[in-house]
Amino acid sequence: MQINMRLNLPTDEASIPAVRHICAQALTEIATLPDCIHDIEVALTEACANVVEHSGGDTDYSVEVTIDDARCVIRVYDNGPGFESGEVSASTADPTSEGGRGVNLMRALVDRVRFESEPEDGTVVSLEKELRFEQSRLVAAAAPDEAH
């Protein structure tokens, strides 16, 4: 099984709940555990919020979601001014500040986070999470096919 989606969205805060809901619904349909879905939703929200806040707001952004039997991979693309990707480190945020903790939060919630960015050329944020499924799905998948 593989699900592939690409959403083109306006650089607007209203787009964030929409993309979050669409991704969560797809994960729910394949019986992903709720805590795993929540982790992905929050990490995706942070990645999209960064685009809305930092990309300049003049262009759309896109989100690609690939879900298979083992993992969910999300790529958030923007055409903003970009940044030196070496600037993003796990220790950049002050834990007492109001902002700047999104990168650390993404890293805590998913298995892999990668930033690819070039100044004046946009940014791609990649999130990858190994999926865990409800027991009923695992039992159904292991059962022999009775429709012979």
Side-chain angles (χ1 to χ4, degrees), residues 1-55 59-80 82-93 95 97-118 121-148:
M1 183 256 332
Q2 185 165 338
I3 299 170
N4 294 301
M5 297 181 281
R6 181 177 177 103
L7 304 166
N8 295 315
L9 304 154
T11 309
D12 182 293
E13 286 183 12
S15 68
I16 299 171
V19 70
R20 179 179 169 141
H21 174 77
I22 291 167
C23 185
Q25 189 61 40
L27 291 164
T28 299
E29 289 298 322
I30 63 166
T32 305
L33 285 173
D35 64 326
C36 189
I37 295 171
H38 177 74
D39 290 351
I40 293 168
E41 283 183 292
V42 174
L44 175 58
T45 297
E46 290 296 328
C48 292
N50 283 342
V51 168
V52 169
E53 183 177 343
H54 299 294
S55 72
T59 62
D60 293 346
Y61 70 105
S62 61
V63 177
E64 288 183 358
V65 180
T66 301
I67 302 168
D68 63 26
D69 291 327
R71 73 188 56 80
C72 176
V73 177
I74 299 171
R75 290 184 179 83
V76 180
Y77 298 87
D78 76 61
N79 295 316
F83 60 91
E84 292 294 334
S85 52
E87 294 175 8
V88 180
S89 71
S91 62
T92 59
S97 72
E98 282 295 313
R101 295 183 298 234
V103 172
N104 290 340
L105 187 56
M106 286 186 277
R107 286 186 171 128
L109 294 171
V110 299
D111 299 311
R112 286 175 244 1
V113 178
R114 189 174 66 238
F115 296 89
E116 298 171 41
S117 186
E118 294 294 328
D121 208 21
T123 302
V124 179
V125 178
S126 299
L127 309 170
E128 186 172 331
K129 176 116 177 138
E130 300 298 318
L131 298 177
R132 295 182 321 277
F133 299 99
E134 294 177 10
Q135 188 64 33
S136 60
R137 178 181 185 263
L138 299 176
V139 170
D145 186 9
E146 297 180 23
H148 289 283

Partners passing side-chain contact (heavy atoms from CB on, under 4.5 Å) against P10 (at least two apart in sequence or in another chain): D12, S15, D60
Those residues that, when tested against E29, pass side-chain contact (heavy atoms from CB on, under 4.5 Å) (two or more places apart): Q25
Non-hydrogen atoms of [X] and [Y] that approach each other most closely:
| X | Y | answer |
| --- | --- | --- |
| G122 | S117 | O-OG, 3.2 Å |
| T11 | V52 | CG2-CA, 3.8 Å |
| D69 | F133 | O-CE1, 3.3 Å |
| V110 | E128 | CB-O, 3.5 Å |

With sequence neighbours excluded, tell me which residues meet side-chain hydrogen bond (donor to acceptor under 3.5 Å, both in side chains) with [X].
| X | value |
| --- | --- |
| T28 | none |
| E53 | none |
| D35 | R132 |

Could you measure the distance from the [atom1] atom of [X] to the [atom2] atom of [Y]? Nearest 0.5 Å is fine.
| X | Y | atom1 | atom2 | answer |
| --- | --- | --- | --- | --- |
| C36 | L131 | SG | CG | 5.0 Å |
| I3 | C23 | CD1 | SG | 9.5 Å |
| I16 | Y61 | CD1 | OH | 5.0 Å |

Determine whether a donor-acceptor pair (N or O, by modelled atom type, separation under 3.5 Å) exists between the side chain of S62 and the backbone of L7. no
Please walk me through it: do I67 and I30 pass side chain to side chain contact (heavy atoms under 4.5 Å, CB included)? CA-CA 9 Å; I67 302 168; I30 63 166; 3.4 Å; yes
E130: which residues meet the salt bridge (charged side-chain N to carboxylate O under 4.0 Å, His left out) condition with it, sequence neighbours left out? R71, R112
What pairs of donor and acceptor atoms, side-chain ones from residues 37-44 against any protein atom, are under 3.5 angstrom apart with sequence neighbours left out?
from, atom 1, to, atom 2, distance (Å)
D39, OD2, K129, NZ, 3.2
E41, OE2, R20, NE, 3.4

Mind running side chain to side chain contact (heavy atoms under 4.5 Å, CB included) on S126 and V73 for me, showing each step along the way? CA-CA 7 Å; S126 299; V73 177; 5.6 Å; no
Heavy-atom side-chain proximity of E134 to L33 below 4.5 angstrom: yes
